[in-house]
S.K.: 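Structure below; questions to follow.
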Amino acid sequence: MKPQQKQEYLEEYEILKKKGKPFFPYAVLKDSVMMLIVVGVIIAMSLLLGAEQGPKADPTTTTYVPRPEWYFFFLFELLRLIKPPELVPIATIGIPTFCMVALLLLPFYDRGAERRPERRPLATTAGILTILAMGYLTFSGATAGSPTEIDMKVAPQYKAGSEVVAGSGCLACHKLGENGNNGPGPELTHIGSRIPRAAIVRSVEIGPSIMPSFRELPKKKLNELADFLSSLH
Ligand code: HEC
């Protein structure tokens with residue numbers, strides 16, 4: 001801003017300030033009334049509509065697929081996009097912390113006097129890009145499958161089964177292609193060529209040694225799972 005511009009701005013500001021109303025009590029009153037209305041609406045909605053609480057927590061479940069609240073979908077998606085384990089701390093801690101600190105320090109490094117968005121191209125572009133990126137990540141996080149989704153080519157008729165495997169926590173102990181942990185269970189990548197379908201079903205139902213039993217899986221899901229695993233050659 002040029003000195004003359006600055007002078008004009010300050011004079012205009014002075015005039016407007018004289019014309020205006022003081023912050024206390026006018027603006028404070030307005031804010032307080034609005035706050036009361038918002039709280040009142042929330043209380044009324046919770047009394048009239050209630051909140052959906054979902055099923056009771058079951059600490060013994062092995063088929064639970066954790067999903068974050070919608071406002072964390074962008075972080076959730078960021079974590080999904082960043083595959084190599086050594087980069088995970090950057091996605092979970094690095095990027096969010098960097099953004100928070102950058103925001104906190106904004107008044108110290110953005111010393112421009114301009115306030116109109118169109119005169120602050122850098123800040124405006126950065127802001128719009130951030131909103132777009134978060135919007136995109138939120139959308140893809142919301143529409144993505146389970147976080148443990150199996151990342152491999154699956155024929156359409158086995159898709160359902162692969163989702164059962166992904167959603168049942170099998171990957172915690174078994175490796176399947178590039179997915180899951182290598183052990184304590186044996187690799188399942190070619191399980192179909194190693195043991196017959198009936199043996200797969202038996203293993204899943206019984207849960208040999210430390211493997212939990214998945215007997216409580218509905219028959220349909222168990223069949224889909226077995227179809228999928230026995231197709232892996
Ligand atoms: C807590 C870890 C764990 C989980 C979770 C787990 N397994 Fe296992 N699984 C094992 C272990 C360990 C073995 C080997 C047992 C043995 O050697 O007797 C095994 C064996 C198997 C076998 C037999 C493999 C073979 O080569 O004979 C199959 C099939 C199998 N698991 C499928 C599954 C499926 C499907 C799921 C998910 C529904 C699953 N497992 C979940 C640990 C696990």
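For this chain, numbers begin at 1 and follow the sequence in order. Whatever order the structure lists ligands and atoms in, that order sets their numbers, starting from 1. FYI, side chains are in, hydrogens and waters are out, and symmetry mates aren't considered; it's all heavy atoms of this structure.
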S.K.: Nearest protein heavy-atom contact for atom 18 (O) of ligand 1: which residue, which atom, what distance?
M.R.: Pro208 CB, 3.5 Å
S.K.: Tell me which protein heavy atom sits closest to atom 7 (N) of ligand 1, plus the residue, atom name and distance to 0.1 Å.
M.R.: His174 NE2, 2.8 Å
S.K.: Students should be able to answer this: which protein heavy-atom is nearest to atom 4 (C) of ligand 1, and at what distance?
M.R.: Cys173 SG, 3.3 Å
S.K.: Mind listing the closest non-hydrogen atom pair of Phe74 and Thr138 along with its distance?
M.R.: CB-OG1, 3.6 Å
S.K.: Just how far is it from atom NZ of Lys30 to atom CE of Met34, taken to the nearest 0.5 Å?
M.R.: 11.5 Å
S.K.: Please report the interatomic distance CE(Met134) to CG(Leu129), rounded to the nearest 0.5 Å.
M.R.: 13.0 Å
S.K.: How does Val164 reach ligand 1, if at all, at less than 4.0 Å between non-hydrogen atoms: by side chain, backbone, both, or neither?
M.R.: neither
S.K.: Can you sort out which atoms of ligand 1 are near Leu229, meaning under 4.0 Å from one of its heavy atoms?
M.R.: 35 (C)
S.K.: Nearest protein heavy-atom contact for atom 37 (C) of ligand 1: which residue, which atom, what distance?
M.R.: Cys170 SG, 1.8 Å
S.K.: What closest approach, in Å, do Arg197 and Ser230 show between heavy atoms, and which atom pair accounts for it?
M.R.: CG-OG, 3.8 Å
S.K.: Are Leu217 and ligand 1 in contact, using a heavy-atom cut-off of under 4.0 Å?
M.R.: no
S.K.: Which residue and atom name correspond to the protein heavy atom nearest atom 11 (C) of ligand 1, and how close is it?
M.R.: Gly185 CA, 3.6 Å
S.K.: Please list, in number order, the atoms of ligand 1 under 4.0 Å from a heavy atom of Arg194.
M.R.: 25 (C), 26 (O)
S.K.: Using a 4.0 Å heavy-atom cut-off, which part of Ala172 comes near ligand 1: side chain, backbone, both, or neither?
M.R.: neither
S.K.: For the residue pair Phe76 and Phe73, does the interplanar ring angle fall in the parallel (under 30°), tilted (30 to 60°) or perpendicular (over 60°) class?
M.R.: tilted
S.K.: Pairs of nitrogen or oxygen atoms closer than 3.5 Å, one from Ser168 and one from ligand 1: do any exist?
M.R.: no
S.K.: Protein non-hydrogen atoms only, distance under 4.0 Å: does atom 26 (O) of ligand 1 have such a neighbour?
M.R.: yes
S.K.: Give the residue and atom name of whichever protein heavy atom lies nearest to atom 12 (C) of ligand 1, and the separation in Å to one decimal.
M.R.: Ile210 CG1, 3.6 Å
S.K.: Would you kindly confirm whether Val88 and Ile90 end up in one hydrophobic cluster when ILVMFWY residues are joined by side chain heavy atoms under 4.5 Å apart?
M.R.: no
S.K.: What closest approach, in Å, do Glu205 and Lys219 show between heavy atoms, and which atom pair accounts for it?
M.R.: OE2-NZ, 3.9 Å
S.K.: Minimum distance, heavy atoms only, to atom 5 (C) of ligand 1: which one of Ser213, Pro186, Gly169, Gly167 is it?
M.R.: Gly169
S.K.: Nearest 0.5 Å please: distance from the CG atom of Leu81 over to the CG atom of Leu87.
M.R.: 12.0 Å
S.K.: Same hydrophobic cluster for Ile195 and Leu222, using side-chain heavy-atom links shorter than 4.5 Å among ILVMFWY?
M.R.: yes
S.K.: Contact between Val165 and ligand 1, counting heavy atoms under 4.0 Å?
M.R.: no
S.K.: What do we get for Ala199 next to ligand 1 when only non-hydrogen atoms under 4.0 Å count, side chain, backbone, both or neither?
M.R.: neither
S.K.: For Pro89 versus Glu86, what's the shortest heavy-atom pair and its separation?
M.R.: CD-O, 3.5 Å
S.K.: Applying the 4.5 Å side-chain criterion to the ILVMFWY set and letting contacts propagate, would Tyr13 and Ile15 be lumped into a single cluster?
M.R.: no
S.K.: Looking at OH of Tyr9 and CD of Glu114, how far apart are the two atoms once the value is rounded to the nearest 0.5 Å?
M.R.: 10.0 Å
S.K.: Would you say atom 8 (Fe) of ligand 1 has Met211 as a near neighbour, meaning an N/O/S atom of that residue under 2.8 Å away?
M.R.: yes
S.K.: For atom 16 (C) of ligand 1, what is the closest protein heavy atom, and at what distance to 0.1 Å?
M.R.: Ser209 OG, 3.9 Å
S.K.: Taking 4.0 angstrom as the limit and counting only heavy atoms of Pro212, give me the atoms of ligand 1 inside it, by number and element.
M.R.: 1 (C), 3 (C), 4 (C), 5 (C)
S.K.: Which residue owns the protein heavy atom closest to atom 28 (C) of ligand 1, what's the atom, and how far is it?
M.R.: Ser203 CB, 3.8 Å
